[in-house]
Every structure is written in C-alpha cells, then in structure tokens.
Trainee: 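What follows is a structure written as structure tokens; I'll ask about it next.
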Amino acid sequence: MKYKAILLYQQRMGGKEMTNMVPDPYVNQPMIRDFDYEPSRDQLSVVVKYMGTPRIEKWNLGQRGPQHPALELDRITFARYVTGTSDLIIGMDLTGDEREQLYLLKENKNLIPLTDSPEHVHRYGGCSPDGKWIAWSSNRRNQAFLDIYLQCLETFEIHLLFAEDGIFSVAKWFPDGNALLVRRANSPMDHDLGVLSLVTGEVDWITNHSDEASYRDVHFSPCGEMVYLLSNKDSEFYGLACVHLSTKKLTWLLRGNWDFEGLAYHKETGLFAFTENQGGISKGYLFDLKQGALYTWDTPMGVITNLTFLPRRKMLLFQLNGPEHPQELWVLHLPTLQTQPLMKLSKPSIERKPIKPSLLSYRSFDGLNIPFFYYKPKKTSKKLPVVIYLHGGPESQSRASYHPLLQFLLSKGYAVAVPNFRGSTGYGKTYTHLDDGRKRMDAVKDVISMVDWLKQDSSIDEEKIVIIGGSYGGFLTLAAISHYPQLWVAAVDIVGMSSLRTFIETTSPWRKWQREMEYGTVEEDGDFFNQIDPLHHADEIIAPLLVIHGVNDPRVPIGESEQIVHKLKQRGHSVTYHRMEGEGHKLVSPENEITVYSMIAAFLKQCIGKL
C-alpha cells in the first residue's frame, strides 16, 4: 500500500500538483549575507536577503539603517568598497554556474561589467591602496589553472601579471601598492604565501615548508615588516602567528585546542579579534598583543563570521548565524564587551520557535569519537522518526547555524542528528585525513554507527530512520543505502555523486586536481571506485529515494544523479527525480528552495505516514 502511495506522489509531482508544504517564513527570513566597512565615510555596504531576494544597502552607522535606496541584484556573491570611495566591486555568477564575474557599482548605481568572460572563473583579490587597480585570479589561460591579473579601474584594461600552472589567488595588497601577497594551493589543505612584485612579476615564497600547512586571514603589521595570520603549520589546529618577511620565520603568538577563525586586526591598538571553533560553535576572543591579555564575550549559540573593527566607534562588527535565528549583524562594544544586534530586522513569524541542538558524540566502529548535533522536538510523547543529515565537502563541517529544512522537520515531529563524520574539518588535521583515498568507506561506517547510537535512544522509532545528504553527503547517502540497505525507511540525495570514477572524470577542470587529492585518481584507484561506487550497488537499494540536482552544477555534474536514477528506474525501484532549472550546486532562488524543501517533506510524509 505504501509503495502505491509513493507512486501516486511521483505522478502528482510530475503533474506539478504539489502544494508547498514548507511555509515561506522558514525560507524567507531576512538575513545579512555580507558587509564591508568604508572607514573614511563611516559607512557600511550590506548585502541583505529580503524575502529571498538579495539587495545592496548602504548603512549610515549613526542612523543604523539604510541611507540610500536599496539596489536588488540577483546572484550577488559579495560586495567590497573601492578604496577611499563609495563605489563597490561586486561579484555575481549566472544561474549557479560559479563562474563569478566582477562588476563596478558606481555611487549613482551604474553597473559596469569588469571581467565579462562568462566561461571563466574570477576570484577577487582586493583593491589597491590608491583605489585605482584591482587584482583577481582567473582560469582564462587554461581552464585547469588560476593565474593572477591586474585591472585598471580608470580604463578597465586587464593585464596578466603572473601565469604558472597551478591554483593562485591574491590574499592582500601590500600597503605601498608595489606588491601582492599571493597564495598558492598545493592541495585543498596545503598552501603557501609569496610576495609578488608588480615591478618584476617575480614571486618570493615566504612560507616554504615540508609538511602540510595552511595560512589564512592575513594582516600587515604597522611597519609592514611582518604579517599576522592564522596557520596550522606543524600543528593540528589553526593558531595566531606572525611571519617576518625578511627572515621568513614564523613565530607563534597564541594557540588553543580548537581552530582559530576569522582573524581581524586593529593596527593602532594592536588588538586582534578572532573566534574559536569549539566543535562547530563559535566563541569570540580579543587578544591585546601589547599586554598579552585575552578577553572573551558572550553571544547566543551560533557561528560568527566577518569580524570587522570600527575604530571611530570603539566597536567590533560581526555576522552571527545561529540555529534559533538566521544570519544577523551584531556589534561588540569594546569598552564593555557587551554585544547586541546592530539593527533589528523585521522577521515573518514561523509556527514554532526554532530549536537549538545539543552537542554530543558517539563511538564509531573503530572506537573513534564522532561529534554530532542532536535536535529533538519539544513536548512529544510518541516515538520519533529521525533524520540523519550529512554535510558536503568532505573538507567541511556542520555548524550550529540556521537551516530552514531542519527546523521545519523538527516542527513536524522529526528528530534530527547531524554528524561530523571523519574527514570533517574543525577537529584537527589528523581527523580531516581519516577518510582519504581508500579509507572512504570508513566515513560510511561512521554513519552506520550513528544509526546504532540512535537505536539506543528510547525516544527514537528505529523503524523510521531517514538519511539526507548533499554533495559529498549525497554520496554518503547513496553509499549507505546501497551498502547497508536494511536500515533506512527513506533517503534523499541532493547533488550527490553516484560514482567517484565518473565524478572525477567530469567535474570542472579547475576542481579536478583538488578532488583527486582527496579521493584518488581513476588511473590508480579506479578498481577501488568500482568496488564502492553506489552506482554499481544500485540493485541492493531498498529504501524509496528522492534525488534532486541543479542543472548548472559545476562541481557535481548532473549526470551523477541521472545515471543512478536511470539504473533504478530500469529495475522498477521507487525513485523520484527532480531537475532544478536555473540552479547549480546550491539553491539560490527562494521559490526553488521552498519547492525542494516541500518536495522532501511530502516525500517523507508518504514514506513514513502521518506523525
């Protein structure tokens, strides 16, 4: 009877008779997506998402609200001031293809294309100190590599500054404008910094090392003779360090037991701000370099990003995204260490107050502790169905942030478990590499051990365990239901890989070498891919499956979904497939987001029944 109900669901989906089950307020919460500060004008440019549509506002800090009428721009990815002006450099891609193009947005709202090469990627590298030039990296010369370019903001002429086979980006302009601090990616988790002279075009690498190391959030010292940054050189976790440019020596200033993130620096006072990623929850810190003093401040549970000092006002601005509230702009008052939202945004109410998770852990098959967030509905007496939600990456981490689908499922009576399986970031280098290459299925076993843990929870209905994953999490979902088919009542795969072999062969050229560093190569590991790929175990799948994929996905090509859907349909298995037109690897359109989440909710209702 349940199988017939699912077939009816599929037919109705095909006829587009489904009504939106996920109400708009879950998705269309206003949120701050990005901001930048222009100190000479004491002004903020803020990218705000209202009712699903991003727009740029300029805020006068004295008024703490929009100063100029907003400009709506679809697909905007960032906005940064041109030095000393009210003009902005903004980035936008086309329908999710991630080939970001750069534009100059003038004070009069005139939008001028700068790169205008939609077949290529462009990564912004900042504006020169005199406001006349910008730097960016692009794969224009070769689709597989990123070179460094300069562009004049007066004539818009483009100059190729540095070309070499590899992935290069610009970390910072030197204060005198005569050089760039550039970054070379040796692998997804290993990088170097170098000084690229604008006079000679030569690079002097300053962070040569033998073991894996990464460097981020770079700031110049007042004298310009050293740079402050976060690094994990010779360490499991990122800490605060400085590199002397003349000697190339790295000196540690402060380290902890978790990754430091988001370093900001105030040159006049010698004050640093950063956060510590404590198991996926941010804790904010101030470090006074001159006195060696460390301070902290309190915020609601969430993830802190974009720390920015406002010297005139003795404030630190930051974005805060928590499970109980979408991303907002908050302020820390430096003299008192008190925090508050900078401006209250008008929010549509949802039917139930969002729920924050508990941070727990369980032992996997080999004794490794796996951390996870556990969300449970309030005030329920019945056994709960549970959704295991798997993040992408795998070099990523599920954080304590707002997720509309998870909050909606909680409101309908589902528990939600969100594991940070081996291979996730945030728990040290060793943990991140525990799933590399031919250790891939150990991450799948972590998910199975999550099931074992949930079965010990007396409030969970072990006959109603759902698995949902996106991107790499989609691969884990397909691997779990094909290698361990008896455990699942339903599964949802969003932009996931069904075969590591075909994924490596078809992903975008500028991403291929990075993915090979993680998964292996077809030449050396093709036999292993054939052993584990869900595509080759599709006949073992029992659970009804919902597959969703953006047509323009440049990371995981849509063929990954289509090939496993085709194979399942050939044997008459219950599978529903939805191609998202105008979308890529991530959902951007609020209408599509509501459609997809409603689709998932309807699918689970058909598979599980009324709660």
Side-chain angles (χ1 to χ4, degrees), residues 3 6-7 9-10 13-14 387-394 440-441 443-444 447-448 465-508 511 515 518-520 522 525-581 583-587 596 599-600 603-604 606-607:
Y3 182 71
I6 293 169
L7 287 178
Y9 161 78
Q10 293 171 333
M13 287 298 300
V387 171
I388 298 177
Y389 185 85
L390 306 177
H391 70 71
R440 186 64 42 206
M441 293 303 289
V444 180
V447 178
I448 305 311
I465 300 177
V466 176
I467 186 168
I468 300 176
S471 191
Y472 176 72
F475 167 79
L476 291 184
T477 295
L478 294 174
I481 66 173
S482 58
H483 288 267
Y484 300 89
Q486 303 290 341
L487 300 177
W488 318 101
V489 68
V492 181
D493 160 36
I494 306 170
V495 299
M497 305 97 81
S498 61
S499 164
L500 293 181
R501 172 189 282 273
T502 57
F503 164 68
I504 292 293
E505 291 172 338
T506 59
T507 192
S508 297
R511 290 179 45 80
R515 297 302 87 206
E518 169 69 30
Y519 300 117
V522 172
D525 302 288
D527 60 330
F528 177 67
F529 296 160
N530 292 341
Q531 291 173 25
I532 71 167
D533 279 348
L535 183 66
H536 301 308
H537 296 269
D539 289 347
E540 306 298 321
I541 295 175
I542 296 173
L545 176 64
L546 172 61
V547 179
I548 298 163
H549 214 120
V551 172
N552 301 320
D553 191 341
R555 302 190 192 189
V556 180
I558 195 170
E560 288 299 309
S561 287
E562 292 182 338
Q563 61 190 4
I564 196 163
V565 167
H566 175 72
K567 196 163 187 178
L568 290 172
K569 284 185 174 181
Q570 276 189 321
R571 73 175 178 91
H573 183 73
S574 174
V575 58
T576 303
Y577 175 45
H578 188 70
R579 290 167 53 98
M580 297 299 298
E581 299 292 339
E583 296 286 4
H585 196 64
K586 299 177 181 179
L587 291 173
V596 165
M599 197 178 300
I600 293 171
F603 173 73
L604 296 186
Q606 291 291 347
C607 294

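Along the sequence shown, residues carry numbers from 1.
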Trainee: My understanding is that only residues two or more places apart in sequence, or in another chain, count here; which of them pass side chain to side chain contact (heavy atoms under 4.5 Å, CB included) with K586?
Mentor: R555

Trainee: Can you list the residues that meet the side chain to side chain donor-acceptor pair (under 3.5 Å) rule with R440, with sequence neighbours excluded?
Mentor: D435, Y472, E518

Trainee: By side chain to side chain donor-acceptor pair (under 3.5 Å), which residues pair with Y519, not counting sequence neighbours?
Mentor: none

Trainee: Quick one: closest heavy-atom pair of V575 and K569, and the distance?
Mentor: CG1-CG, 3.6 Å

Trainee: What is the minimum heavy-atom distance between P554 and H585, and which atoms define it?
Mentor: CD-N, 4.3 Å

Trainee: Search all heavy atoms of S561 against all heavy atoms of H549 and return the closest pair with its distance.
Mentor: OG-ND1, 2.6 Å

Trainee: At what distance, to the nearest 0.5 angstrom, does CD1 of I558 lie from CE of M580?
Mentor: 10.5 Å

Trainee: Identify each donor-acceptor pair in which a side-chain atom of residues 533-547 lies under 3.5 Å from a protein atom, sequence neighbours left out, and give them as a table.
Mentor:
from, atom 1, to, atom 2, distance (Å)
D533, OD1, L500, N, 2.9
D533, OD2, S499, OG, 2.7
D533, OD2, L500, N, 3.3
H537, NE2, Q531, O, 2.6

Trainee: Is any side-chain heavy atom of W488 less than 4.5 Å from a side-chain heavy atom of V466?
Mentor: no

Trainee: Hey, does the side chain of H578 reach the backbone of V596 with a donor-acceptor pair shorter than 3.5 angstrom?
Mentor: no

Trainee: Could you check V492, I468, I600 and say which one makes a side chain to side chain contact (heavy atoms under 4.5 Å, CB included) with V387?
Mentor: I468

Trainee: If you take all heavy atoms of G474 and D493, which pair is closest and at what distance?
Mentor: CA-OD1, 3.4 Å

Trainee: Considering residues at least two apart in sequence or located in another chain, which fulfil the side chain to side chain donor-acceptor pair (under 3.5 Å) criterion with E562?
Mentor: Y577, R579

Trainee: Using 0.5 Å steps for rounding, measure from the CG atom of L476 to the CD1 atom of I481.
Mentor: 11.5 Å

Trainee: For V556, does its backbone N or O pair with a side-chain atom of D553 as donor and acceptor, under 3.5 Å?
Mentor: yes

Trainee: Which pair of non-hydrogen atoms, one from E560 and one from S498, has the smallest distance, and what is that distance?
Mentor: O-OG, 2.6 Å

Trainee: For T477 and A491, which heavy atoms make the closest approach, and how far apart are they?
Mentor: CG2-CB, 4.1 Å

Trainee: Tell me, please, which residues at least two apart from N552 pass side chain to side chain contact (heavy atoms under 4.5 Å, CB included).
Mentor: T95

Trainee: So how far is it from H566 NE2 to R571 CZ, rounded to the nearest 0.5 Å?
Mentor: 13.5 Å

Trainee: Enter the distance from F529:CZ to T502:OG1 here, rounded to the nearest 0.5 Å.
Mentor: 10.0 Å

Trainee: Ignoring hydrogens and geometry, is there a side-chain-to-backbone donor-acceptor pair from S482 to A479 under 3.5 Å?
Mentor: yes

Trainee: CD1/I548 to CD/E583 distance, rounded to the nearest 0.5 angstrom?
Mentor: 11.5 Å

